[in-house]
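Just below is one structure, and these are the notes that go with it.
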There are 4 protein chains.
Amino acid sequence: MSKPVKSPPGRPRSAQSHQAILQAALELLAEVGFDRMSIDAIATRAGVGKPTIYRRYKSKQELVADAIESCRQEYVVPDTGSLWGDIDALINSAAQITFTPLGRQTVAMMISTASSNPQFAQVYWTKYLQPRRQAFAVVFERAKQRNEIQADLDPDLVFDLISGIMLYALVFQATTEPLEGYIRRTLHLLLREPPS
Amino acid sequence: MSKPVKSPPGRPRSAQSHQAILQAALELLAEVGFDRMSIDAIATRAGVGKPTIYRRYKSKQELVADAIESCRQEYVVPDTGSLWGDIDALINSAAQITFTPLGRQTVAMMISTASSNPQFAQVYWTKYLQPRRQAFAVVFERAKQRNEIQADLDPDLVFDLISGIMLYALVFQATTEPLEGYIRRTLHLLLREPPS
Amino acid sequence: MSKPVKSPPGRPRSAQSHQAILQAALELLAEVGFDRMSIDAIATRAGVGKPTIYRRYKSKQELVADAIESCRQEYVVPDTGSLWGDIDALINSAAQITFTPLGRQTVAMMISTASSNPQFAQVYWTKYLQPRRQAFAVVFERAKQRNEIQADLDPDLVFDLISGIMLYALVFQATTEPLEGYIRRTLHLLLREPPS
Amino acid sequence: MSKPVKSPPGRPRSAQSHQAILQAALELLAEVGFDRMSIDAIATRAGVGKPTIYRRYKSKQELVADAIESCRQEYVVPDTGSLWGDIDALINSAAQITFTPLGRQTVAMMISTASSNPQFAQVYWTKYLQPRRQAFAVVFERAKQRNEIQADLDPDLVFDLISGIMLYALVFQATTEPLEGYIRRTLHLLLREPPS
DNA sequence: CGGTAAGCGAGACGGTACGTCGCGTCTTAAG
DNA sequence: CTTAAGACGCGACGTACCGTCTCGCTTACCG
């Protein structure tokens, strides 16, 4: 059989260009940051025309949001059998994503965009934080069943506190103590355990 | 002995222009935000030539940093006689500064600048957060003497957690519950009191 | 063999913009003169962005040179049947071009540019003076055949003298006698006729 | 009666600064030309403040005019005993002044300024050309008395023609034959002598 | 001889124009 | 009908000079 698919004239590169654009955007985001990254540069590096980008995204923010979104890895709720094991896994996972040049840029862009363009923060919240918050709730539920923590402890509040302190450490990186200890001390305080 | 500092030759820089520039920068920052604010617009509103701005600041960030810096008001440690009274005063003070268009822009700019220009975050930390952290320690010390809280509670950790949660709320403003209650619940949790 | 000239890729430059730029440049040149004419003003009047101008011309001089070049009209050798008739036609033609605001600006720019940018004068010479010089030679040849002038009179030298005196009158306009009489007296002298 | 003019109160203007300004102006005029020469550069090179320049001259043109004026050397009517000897002396004198970078700039500036600022050309005419025109008339008068030329030859017209042709040659330097021969041929033609 | 008024170098001032860069859109030719 | 290429109108950028002004200091004269 010869090719029966007579696809509409000329769209074969679509996926390829798409990937090249996202790749170039991510590279440049990590290299020079959001502000200094130009659409022209992305197009050139991706070997793509500017309209090809604008056909897909209305703005730089949209493009970058999608680029960041595209490289999110599979997310699984850890289940190591103990509360602290699960927590370590969650924190490591978050730290690996956040405390890199790309992660910093992501957060920076999101924050600086947030006031003028709240839906961008919304996207980040929904796509990224929400699942982790729910995962955290699952971890907490298991811990409660194991009697590792009190039954009335609000997992969302704890999660938000941890997220906040990570954000805080991200911003004032050089001026605060190492992040790990910070988070550990916080959790011990919240869980009413003596620091180990 | 006379002062060793000699006034430099030439016409001194106009303090009046300086003020006008800072004023215009703050106004525009609050009105349109950092990104949409042009140096031309600042110069025009301040009734000043562009070079007069560039003579003082190498970049928009430097200018805005100085503008923000210039409008920090006097800071006093509250002493209402009770822990929660003091805390309310501190939180209100922080909220008044942070949860305004100008405050949001300040934080946004600071964060987006932080990775490429860490000393900017450093300045914010030193000039703004540090004093409040110390004030918080004083308030805690008084509360401990009144036996309102446990003696081993680390005020810095609590302060950083509160700061973090405020930052978090600032970024994800629309997606979380109202800030006040959030902070109150957090503090009750940390201070091991039942929510009132 | 096919044409070796390939049309370059991308959107071609707009002939419409090109015309508008030249038109605006000529207008402003005549209105305010070369020095007081800004590229911004040209762009605005032409309804065109500044980069569109700079894409075509590296400097104001280049632009103006092209603008002037673009409005050179068709040139025909006069043939009135008598030497003086032809000469009158030539001089009138030259005067109409030169002794106008635009003409003055043209010559002024050319001269002030000449030392730093000799090829500009070269262009003017080749495109404008050369044809007239040749026309003058033709007129002279006809006059010689009619025995109106001596056979050994060098038309180029006479032409250059006339051109020189016109230039001289252009520069020192207010301080010399009216041009027409000047040129007439000169020609009578050169042609060894008594002034009529 | 002694001088009724009272010297004005206050510190008199420094002759030294004056000289330095003129010197710097001439150097820069020859080096970079009128347009690319900035008052700032003149002030810096002269080791002088800008107001010191503006106190003396209202504009760049005025300054440059004075600078050029200041370096005019003594002018004497040649009297070699023969017409052609005198003419050679006059032409050499003119050529020495005109066909140098500084001379070209002078003429260029004058011409480009002439239309917007005719009095500048007027100054050049009065201070520079007028004396030479008169000298030329004297030389002609002597030649007529020696019967070297016809009595009815108008020295002013001849002078203007020579001036014009020199101007012409200055502008179209590269495109015409060497100046000397040109002028000689012209004169022979005007004086009705066969070219020697 | 001491006051004083103008000149001095330096350089900041409000402006204007410069030439460049990036935006997001439009227009080609090629496939 | 999409692509790569690239020109378009727009507008902000940061720089260079303009001509004026304000400093703190001479410097020469005049009372």
Side-chain angles (χ1 to χ4, degrees), chain A residues 7-14 16-17 35-41 43-44 46-55 57-60, chain B residues 6-14 16-18 20 35-41 43-44 46-60, chain C residues 6-14 16-18 35-41 43-44 46-60, chain D residues 6-14 16-17 36-41 43-44 46-60:
Chain A
S7 62
R11 263 184 85 184
R13 276 207 163 175
S14 186
Q16 192 175 327
S17 294
D35 287 342
R36 280 198 276 275
M37 172 180 70
S38 77
I39 300 283
D40 277 294
T44 301
V48 139
K50 259 197 298 179
T52 302
I53 294 178
Y54 281 106
R55 204 170 294 115
Y57 306 104
K58 288 178 109 172
S59 68
K60 194 157 69 161
Chain B
K6 277 204 41 169
S7 78
R11 179 177 176 175
R13 294 187 178 169
S14 157
Q16 192 176 324
S17 295
H18 209 100
D35 287 342
R36 279 197 276 275
M37 171 178 73
S38 79
I39 300 284
D40 274 300
T44 301
V48 140
K50 242 195 310 179
T52 300
I53 293 178
Y54 281 108
R55 209 171 285 121
R56 291 165 163 73
Y57 306 103
K58 288 180 114 173
S59 67
K60 198 156 69 160
Chain C
K6 279 203 40 171
S7 79
R11 177 178 178 174
R13 294 188 178 169
S14 157
Q16 191 176 326
S17 296
H18 208 101
D35 287 341
R36 280 197 275 275
M37 172 179 73
S38 79
I39 301 283
D40 274 298
T44 300
V48 138
K50 242 192 312 179
T52 301
I53 294 179
Y54 282 108
R55 208 172 286 119
R56 291 165 163 75
Y57 306 104
K58 288 180 115 171
S59 67
K60 196 157 68 162
Chain D
K6 282 200 33 170
S7 74
R11 179 178 177 177
R13 291 184 180 171
S14 158
Q16 191 176 326
S17 294
R36 280 197 278 273
M37 172 179 69
S38 77
I39 300 282
D40 277 295
T44 301
V48 140
K50 260 198 295 180
T52 301
I53 294 179
Y54 281 105
R55 206 171 289 118
R56 292 163 163 75
Y57 307 103
K58 288 178 105 173
S59 67
K60 194 157 72 162

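Letters A, B, ... mirror the listed sequences (proteins, then strands); counts begin at 1.
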**Item:** Sequence-aligned protein contact record of nucleotides 8-14 of chain E, with B where the base is within under 4.0 Å of a protein heavy atom and S where only the sugar-phosphate is
**Value:** BSBBBBS
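D:Arg36 has its CZ atom 15 Å from the C1' atom of F:dC17, to the nearest Å. Atom C1' of nucleotide E:dT20 and atom CG of A:Asp40 are separated by 13 Å, given to the nearest angstrom. Put simply, CD1 on A:Ile39 is 10 Å from C1' on E:dG22, counting in whole angstrom units. Regarding C:Gln16, its CD atom lies at a distance of 11 Å from the P atom of E:dT27, rounded to whole Å. Look at OH on C:Tyr54: it is 17 Å from P on F:dC10, rounded to the nearest Å.
By the side-chain hydrogen bond (donor to acceptor under 3.5 Å, both in side chains) test, D:Ser17 pairs with D:Ser14, sequence neighbours left out. Scored by the salt bridge (Lys or Arg N to Asp or Glu O under 4.0 Å) test, D:Lys50 finds D:Asp40 as partners (sequence neighbours excluded).
Defined by atom type and a distance below 3.5 Å, a donor-acceptor pair is missing between the side-chain atoms of C:Arg13 and C:His18.
In this structure, NZ in B:Lys60 is found 11.5 Å from CD1 in B:Ile53, a value given to the nearest 0.5 Å. The CD1 atom of C:Ile39 sits 8.0 Å away from atom OG of C:Ser59, with the distance rounded to the nearest 0.5 Å.
Closest non-hydrogen pair, D:Ala43 versus D:Gly49, comes out as CB-C, 4.3 Å.
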